Asks: 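Structure in structure tokens, see below.
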Number of protein chains: 2
Amino acid sequence: MASVDRTLVADLPLFAGLAPEQLDELLREAQSVRYPKGMTVFQQDAEAHSFFVLLHGHLRVYKLTPDGQQVVVRFVSAGEVFGVAMAIGRTTYPATAVAVVDSIALVWPSVAWPRLIAKHPTLAVNTLQTVGSRLQDAHARVVEMSTEQVERRIAHALLRLAQQSGRKVEAGVEIDFPISRQDVAEMTGTTLHTVSRVLSAWEDRGFVAGGRQKITILEPHRLFVLAEGGLP
Amino acid sequence: MASVDRTLVADLPLFAGLAPEQLDELLREAQSVRYPKGMTVFQQDAEAHSFFVLLHGHLRVYKLTPDGQQVVVRFVSAGEVFGVAMAIGRTTYPATAVAVVDSIALVWPSVAWPRLIAKHPTLAVNTLQTVGSRLQDAHARVVEMSTEQVERRIAHALLRLAQQSGRKVEAGVEIDFPISRQDVAEMTGTTLHTVSRVLSAWEDRGFVAGGRQKITILEPHRLFVLAEGGLP
DNA sequence: GGCGCTCTTTGCGCCGCATCAAACAGCAGC
DNA sequence: GCTGCTGTTTGATGCGGCGCAAAGAGCGCC
């Protein structure tokens with residue numbers, strides 16, 4: 001299998017502080033894999049055979065409750081590490097990851113992880129930062145769900161999505177992958193009905209523009225004020 | 001300052017895989033500090049000057065929202081690392097930690113962290129596991145808050161508390177530090193009124209026994225069934 | 001011992017949002 | 001084009017649990 005070009009990934013946070021030769025060495029062990037839209041990259045509770053870096057595309061990561069409800073944990077964008085179950089001491093994946101658009105990822109076997117971090121401790125340090133920032137995101141979400149009501153939670157979710165995966169477009173900022181009202185509902189702990197109602201109201205006020213699996217934020221500042229509890 | 005005895009902390013997960021001499025070296029740089037009940041160990045948004053290992057006691061870690069509401073992030077038990085802001089790439093603490101009983105912690109200056117992990121990469125790996133398991137806790141909480149209603153969330157919170165800080169007592173399992181209804185409310189995203197009502201109902205049914213800042217679980221199994229959505 | 005503080009219990013009314021229901025619209029496939 | 005599927009909108013209804021209020025109980029402190 002042809003090795004991946006170093007320049008494609010040299011700037012990723014995961015590889016910060018690694019010498020070019022070290023990076024080449026890492027990449028030599030990775031495979032580049034295509035995941036067509038809709039394909040499952042890994043499944044909750046399945047054995048964590050691999051860990052990944054997303055090169056291109058977007059993934060939807062969600063947890064399934066015993067009674068069949070889904071909760072969206074996050075969306076993965078290009079450049080991010082994901083599926084690092086082994087690194088955090090798990091043998092199975094804690095969630096399911098599905099490609100929401102055609103995607104490409106670098107794939108390492110999980111068994112290589114202990115050896116790789118032993119040789120390149122920087123990897124562990126960088127992963128610690130990544131996991132740490134996810135922990136902060138998760139805590140922020142807990143705080144939001146504990147103290148804010150639905151409208152503000154949806155505003156926060158949209159702003160976070162725009163920041164992570166926003167694409168600037170003439171009218172404003174558009175989430176650059178297909179996202180449904182149901183998805184937003186599963187990110188904010190509400191129902192698609194409520195999300196639809198809230199977005200419709202915002203659309204009337206000119207804050208956002210909707211569409212089938214599409215959301216464009218027209219007035220980010222107004223939305224921000226709303227998220228922080230103001231009365232825009 | 002007298003060095004801490006190695007045997008006190010040798011079994012902690014943070015120090016797993018370190019040679020005795022390495023551990024001694026680490027401990028030589030630490031200070032042992034007493035925090036009387038009620039004292040603040042560190043404050044949200046303050047500069048993260050130190051990181052810690054709790055030797056004895058219990059801490060309450062909470063976040064304060066802009067409008068003054070508190071959300072309990074977790075309770076720290078003896079043996080755990082905490083305040084590792086620097087490790088996850090922050091310069092300030094993301095939350096406030098207060099001693100709920102007289103406590104003792106080992107304290108290292110944060111500036112020592114980069115040097116320590118450079119010398120002992122195992123520390124980074126072990127911390128990664130710790131932060132990873134906290135991430136899973138946080139995600140579990142997000143899922144609960146998204147999909148479960150109050151009674152089940154409270155049941156889950158109590159079971160988690162019992163597991164982390166339960167003390168076996170003749171009648172059942174008792175949370176072994178002072179914890180108020182308000183605390184439970186701030187862990188589950190509800191109000192102390194609702195928690196009080198739920199606990200009273202459970203007390204009538206014989207599942208738990210209450211008291212001022214005290215909760216004893218009499219029927220862990222019944223509570224578990226309830227938490228999982230059954231009808232006990 | 002008794003005062004006062006903090007924590008807890010309990011009642012009542014209201015409301016935000018879930019639930020149920022049904023029609024509507026964009027997009028793919030034939 | 002038409003058909004069917006999936007995603008979206010909007011209305012009507014009900015209820016879990018929050019907000020408010022006030023009384024009760026355990027405990028430290030003087």
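So you know, we letter chains A, B, ... as the sequences are listed, proteins then strands, and number each from 1. Since we're looking at a predicted model, the values are computed, not measured.
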Asks: Kindly write out the residues that satisfy side-chain contact (heavy atoms from CB on, under 4.5 Å) with Leu159(A), not counting sequence neighbours, or none if the list is empty.
Replies: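 Leu223(A), Phe224(A), Ala227(A).
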
Asks: Quick one: do the Thr127(B) and Thr130(B) side chains pair a donor with an acceptor below 3.5 Å?
Replies: no

Asks: Going 5' to 3' along DNA chain D, between which two nucleotides do contacts with chain A fall, using a heavy-atom cut-off of 4.0 Å?
Replies: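 So the contact region on DNA chain D extends dT6(D) to dA12(D).
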
Asks: Look at the aromatic rings of Phe42(B) and Tyr93(B) and report parallel, tilted or perpendicular, splitting at 30° and 60°.
Replies: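 Ring orientation of Phe42(B) relative to Tyr93(B): parallel.
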
Asks: Which residues within residues 141-153 of chain B lie with some heavy atom under 4.0 Å of an atom in DNA chain D?
Replies: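 Under 4.0 Å from DNA chain D: Gln149(B), Val150(B).
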
Asks: Find the distance between NE2 (His58(A)) and OG (Ser165(A)) and round it off to the nearest 0.5 Å.
Replies: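 Going from NE2 on His58(A) over to OG on Ser165(A), the span is 4.5 Å.
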
Asks: Could you work out, with side-chain contact (heavy atoms from CB on, under 4.5 Å) as the rule, every residue matching Thr96(B), not counting sequence neighbours?
Replies: Thr40(B), Gln43(B), Gln44(B), Tyr62(B), Val98(B)

Asks: Do we see a donor-acceptor contact under 3.5 Å between the side chains of Gln129(B) and Arg134(B)?
Replies: no

Asks: Which class fits the ring pair Phe51(A) and Trp108(A): parallel under 30°, tilted 30 to 60°, perpendicular over 60°?
Replies: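 Aromatic pair Phe51(A)/Trp108(A) classed parallel.
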
Asks: Might you work through the side chain to side chain donor-acceptor pair (under 3.5 Å) test for Arg181(A) and Gln213(A), ending with a clear yes or no?
Replies: CA-CA 7 Å; Arg181(A) 312 285 182 250; Gln213(A) 304 206 88; over 6 Å; no

Asks: Remember a base hit wins even if backbone is also touched, and classify Ser196(B) as base, sugar-phosphate or nothing at under 4.0 Å, heavy atoms.
Replies: base

Asks: Say you draw a straight line from CZ of Arg160(A) to CD1 of Ile175(A); how long is it, rounded to the nearest 0.5 Å?
Replies: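 Atom-to-atom, Arg160(A):CZ and Ile175(A):CD1 are 12.0 Å apart.
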
Asks: Pick one: which of Leu106(A), Leu27(A), Leu8(A) meets side-chain contact (heavy atoms from CB on, under 4.5 Å) with Ser32(A)?
Replies: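 By the side-chain contact (heavy atoms from CB on, under 4.5 Å) criterion, Ser32(A) pairs with just one of Leu106(A), Leu27(A), Leu8(A): Leu106(A).
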
Asks: Nearest 0.5 Å please: distance from the CG atom of Asp137(A) over to the CZ atom of Arg74(A).
Replies: 9.0 Å

Asks: List the steps and the verdict of side-chain contact (heavy atoms from CB on, under 4.5 Å) for Thr65(B) and Val143(A).
Replies: CA-CA 8 Å; Thr65(B) 65; Val143(A) 171; 3.6 Å; yes

Asks: Heavy-atom nearest nucleotide on DNA chain D for Arg212(B) versus Val195(B): which residue maps closer to 5'?
Replies: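 So the residue in question is Val195(B).
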
Asks: Would you call the rings of Phe82(B) and Phe52(B) parallel, tilted or perpendicular if under 30° counts as parallel and over 60° as perpendicular?
Replies: parallel

Asks: Leu192(B) near the nucleic acid: base, sugar-phosphate alone, or nothing, with a heavy-atom cut-off under 4.0 Å?
Replies: base

Asks: How would you give the extent of chain B contacts on DNA chain C, as first and last nucleotide 5' to 3' within a 4.0 Å heavy-atom cut-off?
Replies: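 Using the under 4.0 Å cut-off, the span is dT6(C) to dC12(C).
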
Asks: Using a heavy-atom distance cut-off of less than 4.0 Å, which residues of residues 174-190 of chain A contact DNA chain D?
Replies: Ser180(A), Arg181(A)

